[in-house]
2 protein chains.
Amino acid sequence: MRRDIFQALADPTRRAILTLLALQPLTPNAVAAHFNSSRQAVSKHIKILTECQLLNARQDGREIFYYFNATKMKEADDWLQQFRALWEGRFENLDQILANNKSKKTS
Amino acid sequence: MRRDIFQALADPTRRAILTLLALQPLTPNAVAAHFNSSRQAVSKHIKILTECQLLNARQDGREIFYYFNATKMKEADDWLQQFRALWEGRFENLDQILANNKSKKTS
DNA sequence: AATATATGCAACTAATTGGTTGCGCAAAAT
DNA sequence: ATTTTGCGCAACCAATTAGTTGCATATATT
């Protein structure tokens with residue numbers, strides 16, 4: 001199933017799962033142990049994250065370890081690229097404002 | 001009203017609105033003209049984006065211009081920071097893999 | 001072989017979402 | 001003064017979501 005990566009990132013629990021799995025691959029049970037949610041609820045989140053390839057699954061016996069896929073996450077970063085110049089520019093403006101403010105005080 | 005910035009970014013129309021308004025401030029009507037959606041639908045999106053401060057409003061007569069707020073968008077970028085090392089590391093690994101591959105060929 | 005464990009999947013539910021239509025109000029144009 | 005324009009807000013609706021409970025299946029453990 002196709003899925004929008006930003007839509008997957010919308011849920012705070014899913015973001016927490018990503019943060020957790022970025023540190024080390026874990027099974028659904030191990031992930032669920034970190035949250036108040038039930039195993040099934042976490043499993044659903046993992047499914048969504050896997051569907052948009054933010055996670056990859058690797059089965060080992062009856063356990064399935066989920067791996068964070070940084071390459072996919074970079075797509076979010078790429079989208080933000082278009083705005084990056086703006087908040088950097090913002091600081092330039094801030095410098096100017098501060099400079100103006102200073103000159104007012106000293107004048 | 002409080003609102004999660006990632007939840008606001010989940011909708012593709014809202015992301016398109018942000019891209020548009022990052023170029024220049026516009027009124028809701030002007031924004032709606034760029035999409036197939038009705039003015040009210042766009043207005044709802046703008047409301048959500050304003051609630052999480054990705055947009056700021058500035059009234060001028062009966063018109064309201066909405067401004068993109070880059071500083072707020074940077075929060076998304078900040079959250080991604082935790083993963084940035086990973087996809088950069090990924091490329092380091094890729095370099096190693098390529099290096100190994102090359103040495104195999106030449107050996 | 002019998003039991004326990006790890007997981008996915010389907011059905012159901014309450015809450016939220018994205019959209020619509022219709023309204024009211026203030027500012028501009030006639 | 002009347003009409004038009006720009007906008008927000010509320011009510012409603014269909015679709016989606018996040019969660020639950022209850023299975024079924026496959027792999028370990030005893």
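Each chain gets a letter, A, B and so on, in the order the sequences are listed, and its residues count up from 1.
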Reading DNA chain D from 5' onward, which residue's closest nucleotide shows up sooner: A/Q59 or A/R3?
A/R3

Can you run down the salt bridge (Lys or Arg N to Asp or Glu O under 4.0 Å) pairs that involve residues 76-86 of chain A, sequence neighbours left out, and say none if there aren't any?
A/K74-A/D78, A/D77-A/R84, A/D77-B/R84, A/R84-B/D77

Is A/T27 close enough to C/dT7 that one of its side-chain N or O atoms is under 4.0 Å from OP1 or OP2 there?
yes

Regarding A/F65, tell me which of base, sugar-phosphate or nothing describes its non-hydrogen contacts under 4.0 Å with the strands shown.
nothing

Can you sort out which residues in residues 13-22 of chain B have a heavy atom within less than 4.0 Å of DNA chain D? Ascending by number, please.
none

What pairs of residues pass the salt bridge (Lys or Arg N to Asp or Glu O under 4.0 Å) test when at least one of them lies in residues 48-64 of chain B, not counting sequence neighbours?
B/R3-B/E51

Does anyone know the first and last nucleotide of DNA chain D in reach of chain A, 5' to 3', at under 4.0 angstrom to a heavy atom?
D/dT17 to D/dA28

So does A/Q53 get a backbone contact from the side chain of A/N69, meaning a donor-acceptor N/O pair under 3.5 Å?
yes

Distance col, row B/F68:CZ vs B/N56:CG, nearest 0.5 angstrom, shows 10.5 Å

Show me the pairs that pass salt bridge (Lys or Arg N to Asp or Glu O under 4.0 Å) and involve residues 15-33 of chain B, at least two apart or across chains.
A/D4-B/R15

Closest non-hydrogen atom pair, A/L54 against A/A8:
CD1-CB, 4.3 Å

With sequence neighbours excluded, residues passing side-chain contact (heavy atoms from CB on, under 4.5 Å) with A/A16:
A/F35

Need one value for A/Q7: base, sugar-phosphate or nothing, where a base atom within 4.0 Å counts as base even if backbone is also close, heavy atoms only.
sugar-phosphate

Pairs in or reaching into residues 24-45 of chain A: which pass side-chain hydrogen bond (donor to acceptor under 3.5 Å, both in side chains), with residues at least two apart or in two chains?
A/R14-A/H45

For B/Y66 and B/V31, what are the C-alpha separation, side-chain angles and deciding distance, and is it a side chain to side chain contact (heavy atoms under 4.5 Å, CB included)?
CA-CA 9 Å; B/Y66 286 92; B/V31 173; over 6 Å; no

Report, one pair per line, the protein and nucleotides 2-5 of chain C atoms (nitrogen or oxygen only) whose separation is under 3.5 Å.
| unit_1 | atom_1 | unit_2 | atom_2 | d |
| --- | --- | --- | --- | --- |
| C/dT5 | O2 | A/R62 | NH1 | 2.8 |

Strand contacts (DNA chain D) in residues 39-53 of chain B, 4.0 angstrom heavy-atom criterion
B/R39, B/Q40, B/S43, B/K47

Would you mind listing every ring-ring contact (aromatic ring centres under 6.0 Å, His included) that reaches into residues 1-29 of chain A, with sequence neighbours excluded?
A/F6-A/W79

Sequence neighbours left out, what passes side-chain contact (heavy atoms from CB on, under 4.5 Å) with A/A33? Give chain and number order.
none

When Ile, Leu, Val, Met, Phe, Trp and Tyr are grouped by side-chain heavy atoms lying under 4.5 Å apart, directly or through other members, which residues fall in the same group as A/F65?
A/Y67

Has B/Q7 got a side-chain atom pairing as donor or acceptor with B/L9's backbone, closer than 3.5 angstrom?
no

Considering just the side-chain nitrogens and oxygens of A/Y66, establish if one lies under 4.0 Å of OP1 or OP2 belonging to C/dT7.
no

Categorize B/S37 for me: base, sugar-phosphate, or nothing, with a 4.0 angstrom heavy-atom threshold over every strand shown.
nothing

